[in-house]
Amino acid sequence: MTVGAIAPVAGYDRRQRASRMIVVGVAYVAVVAAGAIYPFVSPLRDFWNALPPPEIAANALGGLVWLPILLVAIARQPNGRLWKLIFLLAVTLRIDALEYVPNSIVFTLARASDVAALAVFVHLIVSFPSGELRGRFDRGVVAYGYLLVIVWTLKEIVFAGDWWEIGCNPECIRNAFVI
(Lines give C-alpha, C1' and ligand atoms only; values in the text may rest on other atoms or scores of the structure.)
Protein backbone atom coordinates (compact mmCIF):
# COMPACT_ATOMS: atom_id res chain seq x y z
CA MET A 1 0.00 0.00 0.00
CA THR A 2 1.46 3.33 -1.03
CA VAL A 3 0.39 6.42 0.82
CA GLY A 4 2.51 8.72 -1.34
CA ALA A 5 -0.20 8.85 -3.99
CA ILE A 6 -2.49 10.86 -1.72
CA ALA A 7 0.06 12.79 0.34
CA PRO A 8 0.70 16.50 -0.21
CA VAL A 9 3.03 17.34 -3.09
CA ALA A 10 6.52 18.03 -1.73
CA GLY A 11 7.85 20.52 -4.28
CA TYR A 12 4.65 22.51 -4.74
CA ASP A 13 4.80 26.13 -3.56
CA ARG A 14 2.54 26.83 -0.56
CA ARG A 15 1.58 30.26 -1.88
CA GLN A 16 0.60 28.75 -5.23
CA ARG A 17 -1.44 26.06 -3.49
CA ALA A 18 -3.17 28.59 -1.22
CA SER A 19 -4.05 30.89 -4.10
CA ARG A 20 -5.48 27.97 -6.09
CA MET A 21 -7.52 26.88 -3.07
CA ILE A 22 -8.92 30.39 -2.65
CA VAL A 23 -9.82 30.80 -6.34
CA VAL A 24 -11.41 27.36 -6.64
CA GLY A 25 -13.18 27.72 -3.28
CA VAL A 26 -14.68 31.08 -4.26
CA ALA A 27 -15.76 29.72 -7.66
CA TYR A 28 -17.28 26.67 -5.96
CA VAL A 29 -19.25 28.78 -3.47
CA ALA A 30 -20.42 30.99 -6.37
CA VAL A 31 -21.74 27.96 -8.27
CA VAL A 32 -23.55 26.61 -5.20
CA ALA A 33 -24.98 30.04 -4.35
CA ALA A 34 -26.11 30.69 -7.93
CA GLY A 35 -27.82 27.30 -8.04
CA ALA A 36 -29.68 28.11 -4.84
CA ILE A 37 -30.53 31.78 -5.51
CA TYR A 38 -31.33 31.96 -9.22
CA PRO A 39 -34.64 30.05 -9.01
CA PHE A 40 -35.88 32.77 -6.61
CA VAL A 41 -35.02 35.67 -8.93
CA SER A 42 -35.82 34.08 -12.28
CA PRO A 43 -38.66 35.48 -14.37
CA LEU A 44 -40.00 31.90 -14.52
CA ARG A 45 -40.19 31.39 -10.75
CA ASP A 46 -43.99 31.73 -10.74
CA PHE A 47 -44.48 29.05 -13.40
CA TRP A 48 -42.64 26.30 -11.51
CA ASN A 49 -43.94 24.72 -8.39
CA ALA A 50 -41.93 26.79 -5.98
CA LEU A 51 -39.62 24.81 -3.76
CA PRO A 52 -40.01 25.64 -0.09
CA PRO A 53 -37.15 27.71 1.34
CA PRO A 54 -36.03 24.94 3.73
CA GLU A 55 -35.53 22.59 0.77
CA ILE A 56 -33.51 25.18 -1.15
CA ALA A 57 -31.44 25.90 1.98
CA ALA A 58 -30.81 22.18 2.38
CA ASN A 59 -29.69 22.02 -1.27
CA ALA A 60 -27.24 24.87 -0.72
CA LEU A 61 -25.92 23.38 2.52
CA GLY A 62 -25.58 20.01 0.79
CA GLY A 63 -23.38 21.70 -1.79
CA LEU A 64 -21.28 23.28 0.94
CA VAL A 65 -20.61 19.85 2.45
CA TRP A 66 -18.34 19.16 -0.52
CA LEU A 67 -16.33 22.39 -0.04
CA PRO A 68 -13.93 21.08 2.65
CA ILE A 69 -13.51 17.85 0.68
CA LEU A 70 -12.64 19.91 -2.40
CA LEU A 71 -10.12 22.01 -0.47
CA VAL A 72 -8.45 18.94 1.06
CA ALA A 73 -8.19 17.36 -2.40
CA ILE A 74 -6.51 20.53 -3.74
CA ALA A 75 -4.12 20.67 -0.77
CA ARG A 76 -3.09 17.04 -1.25
CA GLN A 77 -2.95 16.99 -5.06
CA PRO A 78 -2.93 20.52 -6.48
CA ASN A 79 -2.28 19.20 -9.99
CA GLY A 80 -4.47 16.12 -9.54
CA ARG A 81 -7.78 15.22 -11.09
CA LEU A 82 -9.79 14.43 -7.98
CA TRP A 83 -10.56 18.03 -7.03
CA LYS A 84 -11.53 18.77 -10.63
CA LEU A 85 -14.05 15.92 -10.54
CA ILE A 86 -15.47 17.22 -7.25
CA PHE A 87 -15.84 20.69 -8.77
CA LEU A 88 -17.47 19.22 -11.89
CA LEU A 89 -19.87 17.28 -9.67
CA ALA A 90 -20.93 20.53 -7.97
CA VAL A 91 -21.57 22.18 -11.33
CA THR A 92 -23.55 19.26 -12.73
CA LEU A 93 -25.63 19.02 -9.56
CA ARG A 94 -26.68 22.65 -10.14
CA ILE A 95 -27.72 22.21 -13.80
CA ASP A 96 -31.37 22.12 -12.79
CA ALA A 97 -31.17 25.82 -11.81
CA LEU A 98 -30.75 26.59 -15.53
CA GLU A 99 -34.30 25.36 -16.09
CA TYR A 100 -35.36 28.77 -14.79
CA VAL A 101 -33.59 30.62 -17.64
CA PRO A 102 -36.27 32.09 -19.95
CA ASN A 103 -34.78 30.65 -23.15
CA SER A 104 -36.13 27.53 -24.86
CA ILE A 105 -32.74 26.07 -25.81
CA VAL A 106 -31.19 26.59 -22.36
CA PHE A 107 -34.38 25.29 -20.73
CA THR A 108 -34.38 22.17 -22.94
CA LEU A 109 -30.72 21.32 -22.38
CA ALA A 110 -30.94 21.92 -18.62
CA ARG A 111 -34.15 19.94 -18.25
CA ALA A 112 -32.78 16.99 -20.19
CA SER A 113 -29.26 16.90 -18.76
CA ASP A 114 -29.96 17.27 -15.07
CA VAL A 115 -28.93 13.60 -14.69
CA ALA A 116 -25.36 14.38 -15.82
CA ALA A 117 -24.25 14.44 -12.19
CA LEU A 118 -24.81 10.68 -11.99
CA ALA A 119 -22.09 9.99 -14.56
CA VAL A 120 -19.69 12.40 -12.87
CA PHE A 121 -20.42 10.78 -9.50
CA VAL A 122 -19.66 7.32 -10.95
CA HIS A 123 -16.41 8.74 -12.36
CA LEU A 124 -15.52 10.22 -8.98
CA ILE A 125 -16.23 7.00 -7.08
CA VAL A 126 -14.37 4.74 -9.52
CA SER A 127 -11.32 7.02 -9.68
CA PHE A 128 -11.02 7.60 -5.92
CA PRO A 129 -8.54 8.35 -4.25
CA SER A 130 -6.18 9.47 -6.99
CA GLY A 131 -8.71 10.84 -9.45
CA GLU A 132 -7.30 8.65 -12.20
CA LEU A 133 -8.84 5.60 -13.80
CA ARG A 134 -6.47 2.67 -13.31
CA GLY A 135 -7.36 0.21 -16.01
CA ARG A 136 -9.57 -0.83 -18.87
CA PHE A 137 -12.34 -2.05 -16.57
CA ASP A 138 -12.46 1.29 -14.72
CA ARG A 139 -12.58 3.19 -17.99
CA GLY A 140 -15.33 0.88 -19.23
CA VAL A 141 -17.49 1.42 -16.15
CA VAL A 142 -17.10 5.20 -16.38
CA ALA A 143 -17.72 5.20 -20.14
CA TYR A 144 -20.86 3.12 -19.56
CA GLY A 145 -22.07 5.70 -17.02
CA TYR A 146 -21.50 8.59 -19.42
CA LEU A 147 -23.10 6.62 -22.28
CA LEU A 148 -26.24 6.00 -20.23
CA VAL A 149 -26.49 9.70 -19.39
CA ILE A 150 -26.02 10.67 -23.05
CA VAL A 151 -28.69 8.22 -24.19
CA TRP A 152 -31.06 9.42 -21.46
CA THR A 153 -30.43 13.06 -22.41
CA LEU A 154 -31.05 12.42 -26.11
CA LYS A 155 -34.23 10.52 -25.28
CA GLU A 156 -35.46 13.39 -23.12
CA ILE A 157 -34.65 16.02 -25.74
CA VAL A 158 -36.05 14.24 -28.77
CA PHE A 159 -38.98 12.24 -27.42
CA ALA A 160 -40.19 14.15 -24.36
CA GLY A 161 -43.13 15.69 -26.14
CA ASP A 162 -44.70 19.10 -25.84
CA TRP A 163 -45.52 18.74 -22.14
CA TRP A 164 -42.26 20.61 -21.54
CA GLU A 165 -43.87 23.98 -21.84
CA ILE A 166 -43.99 26.77 -19.27
CA GLY A 167 -44.28 30.52 -19.01
CA CYS A 168 -46.73 31.18 -21.84
CA ASN A 169 -47.00 34.89 -21.19
CA PRO A 170 -46.44 36.24 -23.86
CA GLU A 171 -44.19 33.54 -25.36
CA CYS A 172 -43.88 29.95 -24.18
CA ILE A 173 -40.62 28.38 -23.05
CA ARG A 174 -40.73 24.86 -24.46
CA ASN A 175 -38.68 21.90 -25.53
CA ALA A 176 -36.82 23.25 -28.55
CA PHE A 177 -35.93 19.92 -30.14
CA VAL A 178 -39.00 17.70 -29.72
CA ILE A 179 -40.04 15.46 -32.60
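For the single chain, residues carry numbers from 1 onward in sequence order.
For the residue pair Arg17 / Asn79, no side-chain donor-acceptor distance below 3.5 Å is found, with atom types taken as modelled.
Val149 and Ala119 get closest at one heavy-atom pair: CG2-CB, 3.6 Å. Pro129 approaches Arg134 most closely through the heavy-atom pair CD-NH2, 3.3 Å. The two atoms that bring Leu93 and Ala117 nearest to each other are CD2-CB, 3.5 Å, heavy atoms only. Considering every non-hydrogen atom in both Ile95 and Ala116, the closest pair reads CD1-CB, 4.3 Å.
Atom OH in Tyr28 sits 6.5 Å away from atom CG in Leu64 (nearest 0.5 Å). Note that the CE atom of Met21 and the CD1 atom of Ile74 stand 6.5 Å from one another [nearest 0.5 Å]. Taking CG of Leu85 as the start and OG1 of Thr92 as the end, the distance is 10.0 Å to the nearest 0.5 Å. Atom-to-atom distance recorded for Leu89:CG and Ile125:CD1 is 9.0 Å, nearest 0.5 angstrom.
Only one option out of Leu154, Thr153, Leu148 pairs with Ile150 in a side-chain contact (heavy atoms from CB on, under 4.5 Å); it is Leu154.
By the side chain to side chain contact (heavy atoms under 4.5 Å, CB included) test, Arg81 is found to be paired with Glu132, residues two or more places apart in sequence or in another chain being considered. Every residue meeting the side chain to side chain contact (heavy atoms under 4.5 Å, CB included) condition with Leu82, not counting sequence neighbours, appears here in chain and number order: Ala73, Gln77, Ile86, Leu124, Phe128. By the side chain to side chain contact (heavy atoms under 4.5 Å, CB included) test, Ile22 pairs with Val26, sequence neighbours left out. Considering only residues two or more places apart in sequence or on other chains, Tyr146 meets the side-chain hydrogen bond (donor to acceptor under 3.5 Å, both in side chains) condition with His123. Taking Val72 as the reference, Arg76 meet the side chain to side chain contact (heavy atoms under 4.5 Å, CB included) condition, with sequence neighbours excluded.
Note: the hydrophobic cluster containing Leu118 does not contain Val142 (ILVMFWY, side chain heavy atoms under 4.5 Å, direct or indirect links).
Sequence neighbours left out, not one pair with a member in residues 65-92 passes ring pair (Phe, Tyr, Trp, His ring centres under 6.0 Å).
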